[in-house]
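Predicted model, so just to flag it, every value in this text is computed and none were measured. Below, each value reflects all heavy atoms present in this structure, side chains not excepted, and no hydrogens, waters or symmetry copies. Note on naming: letters A, B, ... go to the chains in the order of the sequence lines (proteins, then strands), and numbering restarts at 1 for each one.
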Number of protein chains: 2
Amino acid sequence: MEAFELSKEFLEEFVTQLDLKKEDELIPVLERLFPADIAETFDSLNLEQAVYVTSLLDADKKIEVLAELDPEVQIKFFKGFTREEIALNFIQNMDSDDAVDVLSVIDAEAATEILSYIPDKQDSLYLTRLLRYPDNTAGGLMGGELIKVNINWNVAQCTEEIRKQAEEVSKVFTVYVVDDSDILLGWVSLKKIILAKATTPISEIFDSNIKYATVTTDGEDIASTMQKYDLIALPIVDSLNRLLGRVTIDDVLDFVKEEADKDYQMLSGISQNVEVKDKVWVLSKARLPWLIIGLFGGVLSSIVIGQFDGELQENVQLALFMPLIMAMAGNIGVQSSSIIVQGLANNTIDSSSVITKLGKELMVALINGLVCSALLMGYGLIAGKTNSIMTTVSIALFAVILLAAVVGTVVPLILDRFKIDPALATGPFITTSNDLLGLFLYFMIGKMLI
Amino acid sequence: MEAFELSKEFLEEFVTQLDLKKEDELIPVLERLFPADIAETFDSLNLEQAVYVTSLLDADKKIEVLAELDPEVQIKFFKGFTREEIALNFIQNMDSDDAVDVLSVIDAEAATEILSYIPDKQDSLYLTRLLRYPDNTAGGLMGGELIKVNINWNVAQCTEEIRKQAEEVSKVFTVYVVDDSDILLGWVSLKKIILAKATTPISEIFDSNIKYATVTTDGEDIASTMQKYDLIALPIVDSLNRLLGRVTIDDVLDFVKEEADKDYQMLSGISQNVEVKDKVWVLSKARLPWLIIGLFGGVLSSIVIGQFDGELQENVQLALFMPLIMAMAGNIGVQSSSIIVQGLANNTIDSSSVITKLGKELMVALINGLVCSALLMGYGLIAGKTNSIMTTVSIALFAVILLAAVVGTVVPLILDRFKIDPALATGPFITTSNDLLGLFLYFMIGKMLI
């Protein structure tokens with residue numbers, strides 16, 4: 001990887017030069033740094049230092065740095081500017097998707113005022129419109145910066161238009177072809193335009209076979225379409241097929257990473273998107289909800305087991321294998337539920353074929369249940385345990401494994417059917433219910449057999 | 001989203017037309033389908049039908065379809081061709097990264113023979129070289145198709161060269177600038193080339209500020225660099241900084257998705273990358289290892305608890321709260337370990353600052369432990385439980401929460417330090433150890449207090 005990394009030494013030196021306002025030394029350093037790196041230095045700068053840094057950057061880099069800042073840092077940073085300055089120095093020049101990301105972290109009243117300072121009314125209208133779409137939809141992910149040409153033009157007119165439009169579009173991947181009413185007809189690659197003769201009509205070289213989505217399409221669907229078809233950008237249209245914007249793959253990569261992190265945390269029982277560097281109380285708060293569910297489940301378990309304390313008194317051996325039953329019930333439940341949740345997320349299953357999935361999960365549970373019970377019986381023989389207790393535990397284990405698989409499979413499918421995020425069914429929730437059900441089944445079987 | 005989806009009805013109709021060899025009707029249908037869709041139909045076709053479909057496709061689409069097939073389907077499909085046909089009809093025309101993906105699923109002997117049929121010896125040498133890099137490194141992710149121009153040229157020469165090279169490169173994002181020895185000097189965007197005058201020297205418009213990586217760089221680092229700097233393609237160089245290839249963001253998106261799925265499954269106790277549609281025994285086999293660890297842990301627990309059966313006989317109430325202690329130990333352990341694992345994966349922490357992380361996790365555990373123990377004491381008061389048992393359980397719970405947090409934090413950090421995938425420490429492994437340790441601590445405290 002290229003040599004540069006934000007080392008402690010670099011940062012100290014950088015801050016010293018900032019405080020001494022050594023412009024001549026700072027400008028070449030800043031030129032060599034990428035916007036994401038400059039944004040990273042802001043974590044260690046105070047407001048005055050950060051504002052001074054941006055004053056040394058050219059207009060393009062200034063907005064790229066802003067777009068890379070964490071939301072909290074953006075909010076802090078804006079304290080150094082009036083709302084009018086924010087509009088004219090930053091928002092106005094940003095790509096619309098980045099501008100909306102920034103505007104959505106500050107409060108609505110401030111955002112509206114900032115938008116009112118943007119001279120181009122069409123731009124501010126477009127931003128207002130984008131702000132209304134939820135984060136996780138095509139509308140929330142898209143930006144308005146794209147190159148479009150009219151179907152009736154030729155390559156020369158098209159190149160001329162690209163020259164004009166390209167000033168505003170930082171990354172050009174595809175040129176979209178529209179008709180006079182802005183309805184999306186197809187696309188033509190930059191490569192084809194470079195390779196074609198100037199007089200060739202666009203209608204001869206454009207490709208009408210194009211993937212697109214509407215503003216309300218779910219972000220997950222956008223991501224899986226772009227992944228499936230290897231798309232670098234996906235055009236977004238309104239209900240009349242008019243071209244409104246495009247979603248680019250770098251934003252989709254961020255989206256996919258964020259969603260994966262969220263699902264991972266959900267599975268591990270953390271209820272908000274947190275990072276190691278977050279404050280102690282933020283981390284505590286994110287974890288407490290699931291812990292309290294676990295605590296509640298534990299108390300319920302104590303009540304369930306309390307119903308069987310006669311059996312326990314009589315045969316204290318039963319208590320020894322409670323952890324085994326619980327652990328297996330939990331593991332099986334998490335395995336089953338997570339594979340269903342992942343299948344739902346990746347669109348490889350839908351909730352319609354519940355019976356088939358359930359049958360398959362039961363088959364898997366049957367095999368694994370038989371193997372585990374047989375292993376446990378084998379252990380009982382070798383360890384010289386009394387027959388009755390090991391038979392009871394083995395039979396109960398088998399039953400619990402089947403039950404846990406059913407619960408793990410059915411719960412996420414039901415949640416999905418009711419349009420609730422099935423990922424809620426993973427982690428502590430499924431573990432807790434399986435613990436309870438598993439222990440109940442265990443003691444019932446124990447009661448019958450011993 | 002655009003209307004087309006592979007429906008059952010479409011597939012049935014499609015297969016019927018295939019069997020009747022209705023070429024005239026099939027060709028327009030295939031033209032309208034995207035390569036990924038055609039690849040999807042192959043799941044439902046037999047070898048003869050699949051070979052017939054490819055005979056109707058043009059050379060470009062043929063290889064795109066092949067690249068989209070699942071590895072098992074690729075292997076099945078190749079049975080319809082001789083090794084020479086595979087080399088000449090497919091491998092020769094594919095992007096090098098796709099070709100290597102295909103070659104790496106068939107056995108080494110066959111791959112070598114196929115490579116020997118490729119007429120361009122330089123191409124086959126390049127592929128042989130790519131085959132040597134592990135899947136999860138820059139070398140394994142990169143392809144050789146890129147556009148490079150010499151620093152000494154002008155825009156006109158450059159455009160001419162792009163015309164020539166672009167024939168072979170399906171997606172052009174960036175033009176790389178090299179010197180006479182192929183050493184990477186920088187880049188210039190297609191946009192700049194379109195906008196510049198023909199006589200402008202490349203040396204005047206190129207940008208020497210470029211991110212790149214070497215062939216041995218880890219895939220995760222490639223992904224996080226491309227994500228951080230919003231790159232669409234990342235050039236890859238050898239140890240002498242000679243340009244060897246590039247990694248494109250669509251491949252990185254696939255890589256990130258796969259890694260996230262793998263980590264998710266690891267956390268849920270599934271040891272291989274499996275999908276809902278896999279066969280029952282594949283699913284069973286992927287889950288058994290963790291279940292057997294859980295079983296083993298359960299048996300160990302029974303031995304640990306067995307040491308305290310005097311206490312249990314005396315006070316059977318102790319058994320009632322075993323599930324609570326276990327559940328909390330497991331949840332806390334998974335929460336702590338997964339946040340550390342995620343931090344390590346996202347490069348937001350490194351294993352050097354173990355003490356700081358541990359201190360923070362302990363603070364979080366302290367807060368959550370106090371809250372949970374207080375809630376439990378409260379429940380005891382309301383439910384009118386005897387004081388001694390609830391005090392014991394609450395104190396034990398607090399201790400167990402602290403212990404579980406330590407284990408959950410330290411284990412992944414230690415694994416990472418020893419270059420073992422820290423994700424191994426999540427899921428059943430950490431749950432099992434925390435169950436054991438938690439129960440031991442619980443009974444020790446019970447023994448002392450009751």
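- The line from CD1 of B:Ile232 to CG of A:Asp250 is 4.5 Å long, rounded to the nearest 0.5 Å.
- No donor-acceptor pair under 3.5 Å is formed between the side chain of A:Asp309 and the backbone N or O of B:Val316.
- Contact count against chain B (heavy-atom pairs under 4.5 Å) is highest for A:Pro323 among A:Pro323, A:Gly333, A:Ser301.
- Between chain A and the residues B:Ala327, B:Cys372, B:Ala260, the largest count of heavy-atom pairs under 4.5 Å involves B:Cys372.
- In this structure, the side chains of B:Ile249 and B:Leu231 stay at 4.5 Å or more apart for every pair of heavy atoms.
- Heavy-atom distances place no part of A:Glu259 under 4.5 Å from chain B, backbone and side chain included.
- A:Ile293 has its side chain out of reach of A:Phe296: every pair of non-hydrogen atoms, C-beta onward, lies at least 4.5 Å apart.
- Chain B forms more heavy-atom pairs under 4.5 Å with one residue of A:Leu283, A:Asp435, A:Leu324, A:Val334 than with any other, namely A:Leu324.
- Taking B:Leu439, B:Asn331, B:Val393, B:Leu375 one by one and counting their heavy-atom pairs under 4.5 Å with chain A, the maximum is reached by B:Asn331.
- Both the backbone and the side chain of B:Asp254 come within less than 4.5 Å of a heavy atom in chain A.
- Using a 4.5 Å cut-off between heavy atoms, B:Glu64 does not touch chain A at all.
- Contact count against chain A (heavy-atom pairs under 4.5 Å) is highest for B:Met326 among B:Lys279, B:Met326, B:Met226, B:Glu68.
- When heavy atoms are compared at a cutoff of 4.5 Å, A:Leu312 approaches chain B by way of both its backbone and its side chain.
- Heavy-atom distances place the side chain of A:Ile367, and not its backbone, under 4.5 Å from chain B.
- Atoms CD1 and CG, on A:Ile401 and A:Leu362 in that order, are 12.0 Å from each other to the nearest 0.5 Å.
- Checked against B:Ser268 for a side-chain hydrogen bond (donor to acceptor under 3.5 Å, both in side chains), the options A:Ser268, A:Ser337, A:Ser338 give a single hit: A:Ser338.
- Among the candidates B:Ala36, B:Gly298, B:Ser284, the residue making the largest number of heavy-atom pairs closer than 4.5 Å to chain A is B:Ser284.
- The part of A:Val371 that comes within reach of chain B is its side chain, from C-beta onward, which places non-hydrogen atoms under 4.5 angstrom from that chain.
- Of the two parts of B:Leu295, the backbone and the side chain both hold a non-hydrogen atom closer than 4.5 Å to a non-hydrogen atom of chain A.
- Note that the CD atom of B:Gln227 and the CD1 atom of B:Ile222 stand 13.5 Å from one another [nearest 0.5 Å].
- At distances below 3.5 Å, at least one donor-acceptor pair connects side-chain atoms of B:Gln342 with backbone N or O atoms of A:Asp261.
- Looking at A:Val299, the atoms closer than 4.5 Å to chain B (heavy atoms on both sides) sit in the backbone and in the side chain alike.
- Here side-chain hydrogen bond (donor to acceptor under 3.5 Å, both in side chains) pairs that include residues 360-372 of chain A, with residues two or more places apart or in two chains, are A:Ser336-A:Glu361, A:Glu361-B:Arg287.
- Here B:Gln313 is the residue among B:Gln313, B:Met363, B:Glu31 with the most heavy-atom pairs under 4.5 Å with chain A.
- With a 4.5 Å cut-off on non-hydrogen atoms, A:Asp263 touches chain B through its backbone and its side chain both.
- Note: B:Ile332 CD1 to A:Leu291 CG = 4.5 Å, rounded to the nearest 0.5 Å.
- Ranked by heavy-atom pairs shorter than 4.5 Å toward chain A, the options B:Leu366, B:Leu253, B:Thr432 are led by B:Leu253.
- Looking at A:Tyr379, only its side chain comes within 4.5 Å of chain B, counting heavy atoms on both sides.
- Proximity to chain B is limited to the side chain of A:Ile303, based on heavy atoms less than 4.5 angstrom apart.
- In this structure, the side chain of B:Ser373 does not engage the main chain of B:Leu370 through any donor-acceptor pair within 3.5 Å.
- Within the 4.5 angstrom heavy-atom criterion, only side-chain atoms of A:Leu397, from C-beta onward, approach chain B.
- Every residue meeting the side-chain hydrogen bond (donor to acceptor under 3.5 Å, both in side chains) condition with A:Glu40, not counting sequence neighbours, appears here in chain and number order: B:Lys228.
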